[in-house]
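Right, one structure below, let's go through it.
Reminder, nothing fancy here: chain letters follow the sequence lines and each chain counts from 1. For clarity, every value in this text was computed on a predicted model and none was experimentally measured.
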There are 2 protein chains.
Amino acid sequence: MNPPHSVPVATRGPVRVVGTGLLGASLGLALSAAGVEVQLDDASPAAVALGRDLGAGRPVSPDLPDPRLIVVATPPDVAGPVVLAQLRAYPAAVVTDVASVKARVAEHVEAHGGDDAARYVGSHPMAGRERSGAAAADADLFAGRPWVIVPSARSTPDAVLAVRSLAVDVGATPVTLGAQEHDDAVALVSHLPQLAASLVAARLREAPETALALAGQGLRDVTRIAASDPQLWATILVGNAGPVAAALRALRDDVDVTLEALERAAADGPLTEGAAGPLARVVAAGNTGVARIPGKHGGAPRRYAEVTVLVPDEPGELGRLFGEVGEIGVNIEDLQLEHSARQPVGMATVSVDPAAAARLETELGLRGWRVVVG
Amino acid sequence: MNPPHSVPVATRGPVRVVGTGLLGASLGLALSAAGVEVQLDDASPAAVALGRDLGAGRPVSPDLPDPRLIVVATPPDVAGPVVLAQLRAYPAAVVTDVASVKARVAEHVEAHGGDDAARYVGSHPMAGRERSGAAAADADLFAGRPWVIVPSARSTPDAVLAVRSLAVDVGATPVTLGAQEHDDAVALVSHLPQLAASLVAARLREAPETALALAGQGLRDVTRIAASDPQLWATILVGNAGPVAAALRALRDDVDVTLEALERAAADGPLTEGAAGPLARVVAAGNTGVARIPGKHGGAPRRYAEVTVLVPDEPGELGRLFGEVGEIGVNIEDLQLEHSARQPVGMATVSVDPAAAARLETELGLRGWRVVVG
């Protein structure tokens with residue numbers, strides 16, 4: 001379903017993928033599509049067969065040539081030992097892994113790898129989806145995503161280059177970080193948000209239907225990733241327990257300050273001395289933090305004009321809207337679709353160049369759309 | 001910019017709006033557009049003038065006829081006293097307020113209103129935006145949103161009907177709840193998510209740039225509402241301190257369980273007995289909660305097939321995509337745009353009827369799009 005990449009790739013095969021789950025099979029698909037020979041290895045013969053049938057590569061067998069590059073895509077808790085075994089089995093190969101937590105794997109290889117450790121470079125492609133397994137594999141999974149490269153002090157330049165080329169060849173953007181630096185970063189930008197989404201969603205378990213009927217876009221956004229796989233996340237959180245615990249402790253300290261202010265306000269009424277201050281500070285601190293998240297393309301958040309349009313929920317209406325925005329010749333920088341409980345109407349907010357907003361508003365109005373300039 | 005409503009409205013003017021901020025001015029715009037006479041009142045003459053200039057109504061003056069319906073749209077902490085003053089000043093008028101917290105206002109009116117309380121009915125239009133003030137006003141602000149109606153034990157049927165008609169006339173969907181029932185509900189679906197978003201975003205204040213560069217859609221979704229106004233939210237949280245404190249206490253208990261498991265795993269390593277279990281349960285509890293959030297139109301979440309397309313970030317590309325989806329004749333049920341740091345490519349995921357997904361995938365592929373079926 002994906003046309004083969006037309007750009008020449010730097011990766012020289014054979015590439016062996018150990019672990020043919022979502023990441024491994026997706027990597028196999030992307031490399032195979034680029035004409036690179038891929039060998040598939042997995043503890044489960046059925047998983048290997050599925051990967052082969054999907055076109056991700058051929059099953060490993062004794063008559064295949066030795067791999068030049070080995071990608072360990074097993075569950076994170078076994079990545080270290082598997083990396084070591086591959087380094088020993090193929091003394092000429094560069095080995096990387098794609099585990100979402102890096103310090104533990106790096107320490108394991110450093111502690112037990114000896115000189116072989118020079119051929120190991122850690123990886124973390126920032127790619128994934130709610131679904132897992134080879135069946136969800138996708139040659140474009142890495143396209144446009146950051147791919148963190150974690151060289152050790154002993155990694156050779158050739159090994160780093162091989163892993164960097166792999167990232168570029170599957171369309172990702174290489175970002176080099178130290179192992180601990182990576183683990184601290186994902187604790188803040190990935191693991192803590194996952195926990196917060198799960199904790200807020202958990203409170204909805206006993207909520208009455210009438211309360212859930214008032215759910216708006218805010219709740220939907222905050223809890224979207226709460227649908228993620230518990231087993232996978234338990235492994236990730238245990239693997240990055242230290243940094244996640246540090247982030248969660250800091251969050252709990254803020255919770256305690258907030259709770260103390262709320263409890264005093266609940267006891268003493270709206271004019272409670274000093275209750276509003278701490279609460280305003282908590283929200284203001286959030287303002288400061290969210291403003292630091294880079295906007296598109298890693299740049300500072302860019303300001304766009306928002307144009308909101310009411311869209312009847314009828315076949316083709318949304319398609320018609322965006323078709324007409326395209327005809328008007330305005331580029332949509334971002335968009336958000338908001339649903340309203342029990343109403344056959346949605347609101348589509350498109351972010352556009354402020355210079356084009358007025359024209360878009362006028363043109364859409366002329367075409368009969370209910371438009372609101374944000 | 002909004003064509004006047006063509007449907008006849010049940011609301012009989014004059015309607016007096018006390019407090020011409022975002023909600024008051026938006027209400028004035030919607031009613032004026034429907035041909036209802038609106039009188040604007042605000043402690044700030046400048047705010048009244050702005051509302052008038054926007055077309056939200058005319059400033060109050062002694063020579064105007066008495067209002068039939070009065071909408072108190074002041075900050076929530078003064079709503080109670082203002083409602084009482086209006087009930088006394090206009091003995092024939094029905095009075096409502098739009099404060100986002102209801103029990104406190106209801107108790108105040110009940111305690112001090114005497115027989116006047118029979119003409120009071122509480123309201124909470126579930127509408128708002130990150131921006132505030134009359135300048136952000138919008139006649140369509142209430143369109144398709146739930147509007148909670150909170151009658152007291154003494155509210156007359158006529159008063160309830162008048163407020164209900166107001167909600168319907170501005171395009172909202174009336175939902176009747178008790179005051180405490182409402183406050184408990186918004187604590188869970190609105191106030192707790194706001195705090196969680198702020199608390200997670202606050203952790204990003206001291207994060208290194210390299211960490212923020214790894215931010216993905218998950219973090220962006222969880223923290224989007226962290227951009228909200230601290231002063232407004234402090235008032236809301238103080239006003240609903242009891243229910244919010246109860247929800248936050250329950251969340252903190254889960255945080256403590258999670259933290260305990262993380263700290264043991266950090267100390268004892270990946271094979272720590274009983275560390276993964278509690279963490280998996282926290283995420284699983286989130287799965288259960290998020291699954292209860294109603295989907296479109298208040299129904300149970302509907303299953304759609306997802307089709308993901310890589311979209312070059314060039315003018316018109318996204319518009320062209322949705323235009324072609326429209327041409328293909330497939331209705332877009334929902335959509336999500338994902339940005340990738342430092343890459344001129346975005347991923348648009350459209351949710352469509354599973355029966356149409358294969359055709360859409362084929363057609364888009366034929367038109368040269370990089371398509372992935374989710």
Side-chain angles (χ1 to χ4, degrees), chain A residues 138 144 173 185 188-189 193 196 198-202 204-205 207 211 215 218-219 221-226 230 233-234 237-238 241-242 245 252 254-255 262-263 265-266 276 279-280 283-286 289-290 293 296 298 315 318-320 322-323 325-326 331-332 339-343 345 372, chain B residues 138 144 185 188-189 193 196 198-202 204-205 207 211 214-215 218-219 221-226 230 233-234 237-238 241-242 245 251-252 255 262-263 265-266 276 279-280 283-286 289-290 293 296 298 315 318-320 322-323 325-326 331-332 339-343 345 372:
Chain A
D138 163 9
T173 306
L188 285 180
V189 305
S198 299
L199 292 165
V200 169
L204 302 176
R205 282 170 303 169
L219 178 67
D221 286 350
V222 170
T223 58
R224 183 180 61 83
I225 56 175
W233 271 96
L237 293 169
V238 166
R252 189 187 57 180
D254 288 351
V255 167
L262 287 169
E263 285 170 338
L279 297 173
V283 179
V290 73
I293 299 175
K296 289 176 68 175
L318 200 56
R320 184 166 70 85
F322 290 111
V325 173
N331 188 28
I332 297 174
H339 297 313
S340 311
R342 302 202 203 75
Q343 278 280 318
V345 68
V372 182
Chain B
D138 163 7
L188 284 180
V189 304
S198 300
L199 292 166
V200 170
L204 302 176
R205 282 170 304 169
L214 302 183
L219 179 67
D221 285 350
V222 169
T223 58
R224 182 179 62 82
I225 57 175
W233 271 96
L237 294 168
V238 166
L251 181 142
R252 189 186 58 179
V255 168
L262 287 168
E263 285 171 339
L279 297 173
V283 179
V290 73
I293 299 175
K296 290 175 67 174
L318 199 57
R320 185 167 69 85
F322 290 111
V325 172
N331 189 29
I332 297 174
H339 297 313
S340 312
R342 301 204 204 71
Q343 276 282 318
V345 66
V372 182

Pairing residues for A/Ala284 by the side-chain contact (heavy atoms from CB on, under 4.5 Å) criterion, not counting sequence neighbours: B/Pro230

Chain A contacts, top residue of B/Ala211, B/Ala226, B/Ala276 (heavy-atom pairs, under 4.5 Å): B/Ala226

Choice from B/Ala201, B/Ala196, B/Ala185 maximising heavy atom contacts with chain A below 4.5 Å: B/Ala201

Per-residue contact mode, B/Val200 against chain A (heavy atom under 4.5 angstrom): both

side-chain contact (heavy atoms from CB on, under 4.5 Å) against B/Ala285, all qualifying residues, sequence neighbours excluded: A/Ala202, A/Arg205

B/Leu199 versus A/Asp254, closest heavy-atom pair with distance: CD2-CB, 3.3 Å

Considering all heavy atoms, the nearest B/Val222-A/Pro193 contact: CG2-O, 4.0 Å

Options A/Gly218, A/Ala241, A/Ala266, ranked by heavy-atom pairs under 4.5 Å with chain B, top entry: A/Ala241

Shortest non-hydrogen separation from A/Leu188 to B/Ala207 and the atoms involved: CD1-CB, 3.7 Å

Residue pair A/Thr223 / B/Ile293, side-chain heavy-atom distance below 4.5 Å: yes

Heavy-atom contact with chain B under 4.5 Å, split by part of A/Val255: both

Which atom of A/Ala245 lies closest to which atom of B/Leu262, heavy atoms considered: CB-CB, 3.9 Å

Pick from A/Val283, A/Val325, A/Leu237 with the largest number of heavy-atom pairs that fall under 4.5 Å of chain B: A/Val283

